[in-house]
Amino acid sequence: MNHEQSRSLYDRALSVLPGGVNSSVRATQPYPFFIERGDGGHVIDADGNKYVDFVMGYGPLLLGHDLPEQVQAAVQQHASQGPMYGAPTEVEVELAEFVARHVPSVEMTRFVNSGTEATVSAVRLARAYTGRDKIVVMEGGYHGAQESTLVEGSGADTHPSSPGIPDSFAEHTLTVPFNDEEAIHAVFEEHGEDIAAVMTEPILGNYGIVHPIDGYHETLRDLTEDHGALLIFDEVITGFRVGGLQCAQGKLGVTPDITTFGKIVGGGFPVGAIGGRSEIIENFTPAGEVFQSGTFSGHPVTMAAGLETLRYAAENDVYEHVNELGEKLRSGLTDIVADQAPNYTVVGTDSMFKTIFTREGPDGRDGHCEAGCKQRESCSRYDHCPKNGMDVKRTETDRWERLFWQDMKDAGVFLTANQFESQFICDAHTESDIETALEAYKAVL
Ligand SMILES: *Cc1c(COP(=O)(O)O)cnc(C)c1O
């Protein structure tokens, strides 16, 4: 594979963009390949190399790179008519109605421009609504580039994970390991009166993929309710990906107070959203007192792309297709892993998947969950499969990133650049793409 164009573009980029990129995960070793264009479920780089694309923009692209006619038409119409006004438009109302119709916890939505903005606003809203300052997040959980959640440490002993954030931000952030019932009980016992909200992804997609153990979310739901705190599900990845239009909360049967969205809900354009019961969401200005505003919020092009993407998904069995391919890929991977790397764990659900390079596990094929780890207690691997973000961090992350990712790229398969982030199947992927991927895993693992 020739990468001369990408190399020379990276050379230029290093002079004018910090690290040569605009989002840190994109800086793959030794240098990233630059994308020229997308083609269905594939991307083509600046040197003309073609890859099966399982990155899908890190999640936003449910349909792949060739937007269906109705999505393209809506995007072009709104781009050419405006593109934006600083006054409301019908399409924002339609997308909010669509979300409220399908997502169990949502009556009202405030649209913003990124997942980060959504989680920042959700935390502010929860603090204002409860009159409390503390929030609880999962160790290693990711909620975007926001001051309150960029923390390290455990329990109340947390500090900022990045320079430039005053220690005082972390003072109000408590962490617990995901899936650890004892830890969350302990935190509520000690700080229950001061906790505004627990915020978590329903299924960890940025440090995993990690599925909740039986009853974990019910525990979070009960504890928050008992202590007058809110439960925030960050569904920026899982929203309109897991569980189809009802999102992960519908599939798991747990109703949070506030839900944050991003990624798919903007159909490939910059977006975020905060949804929930009217009684909570109406605390945002101008209905209430909690300041929230944005020049580009509810951008007509984004709203149109999101709405038509979701309508298309609803009308064309998109979730059936991507989930079936996901099941096929994960069960194929499970067989390969059982044969070639029995320590490793295949994870994922619906159209999300990953192989985690766990260091220990029982030998042989017995007990592997059939198509991705679901934290079944009866499984012989139950004690070995990652239960939380820190478990994933302790796996062979360098091997994954420096050897495995590179070899998969050379085999024409584009995966997310590190051990931690989820990979995605899109509507444009075919059985043949799944075969190609499985052949590559077989050769590389
Ligand atoms: C991607 C992501 C974010 C941040 O969204 P941006 O649009 O990148 O700001 C927040 N939370 C989760 C769970 C995410 O996956």
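Just so you know, ligand 1 is whichever comes first in the structure, and atom 1 is the first atom listed for that ligand. In this chain, numbering begins with 1 at the start of the sequence shown. For clarity, every value in this text was computed on a predicted model and none was experimentally measured.
With hydrogens and angles left out, the side-chain atoms of Gln292 and Arg110 include a donor and acceptor closer than 3.5 Å. Side-chain contact annotation: Glu235 with Thr259, donor-acceptor N/O pair under 3.5 Å absent. Side-chain N/O atoms of His321 and Asn316 include no donor and acceptor closer than 3.5 Å. Side-chain contact check for Gln375 and Lys387: at least one donor-acceptor pair (N or O, by modelled atom type) lies under 3.5 Å. Side-chain atoms of Glu139 and Tyr207 form no donor-acceptor pair, as typed in the model, at a separation below 3.5 Å.
Look at Lys263 and you'll find a heavy atom under 4.0 Å from some atom of ligand 1.
Of the candidates Arg241, Lys251, Arg330, Asp350 forms a salt bridge (Lys or Arg N to Asp or Glu O under 4.0 Å) with just one, namely Lys251.
Polar contact check, Asp234 against ligand 1: a nitrogen or oxygen pair lies under 3.5 Å apart. Taking any N or O of Val236, backbone or side chain, none lies under 3.5 Å from an N or O belonging to ligand 1. At least one N or O atom of Asn206 sits closer than 3.5 Å to an N or O atom of ligand 1.
Within ligand 1, counting atoms from 1 as listed, the ones closer than 4.0 Å to a heavy atom of Ile237 are 15 (O). Applying the 4.0 Å criterion to heavy atoms of Ser114 picks out, from ligand 1, the atoms 7 (O), 9 (O). Shown in contact with His143 at under 4.0 Å from a heavy atom are these atoms of ligand 1, numbered in order with element: 10 (C), 11 (N). Those atoms of ligand 1 that come under 4.0 Å of a heavy atom in Thr116, given as number and element, are 4 (C), 5 (O), 6 (P), 9 (O). Atom numbering of ligand 1 starts at 1 in the shown order; those under 4.0 Å from a heavy atom of Gly115 are 4 (C), 5 (O), 6 (P), 7 (O), 9 (O). Atoms of ligand 1 found under 4.0 Å from any heavy atom of Tyr142, numbered from 1 in the order shown, are 11 (N), 12 (C), 13 (C).
If you look at Glu201 next to ligand 1, the close heavy atoms, those under 4.0 Å, all belong to the side chain.
Distance remark: protein heavy atom present below 4.0 angstrom from atom 6 (P) of ligand 1.
Taking the ring centroids of Phe33 and Tyr51, they lie under the 6.0 Å cut-off. In this structure, the ring of Phe54 has its center less than 6.0 angstrom from the ring center of His429.
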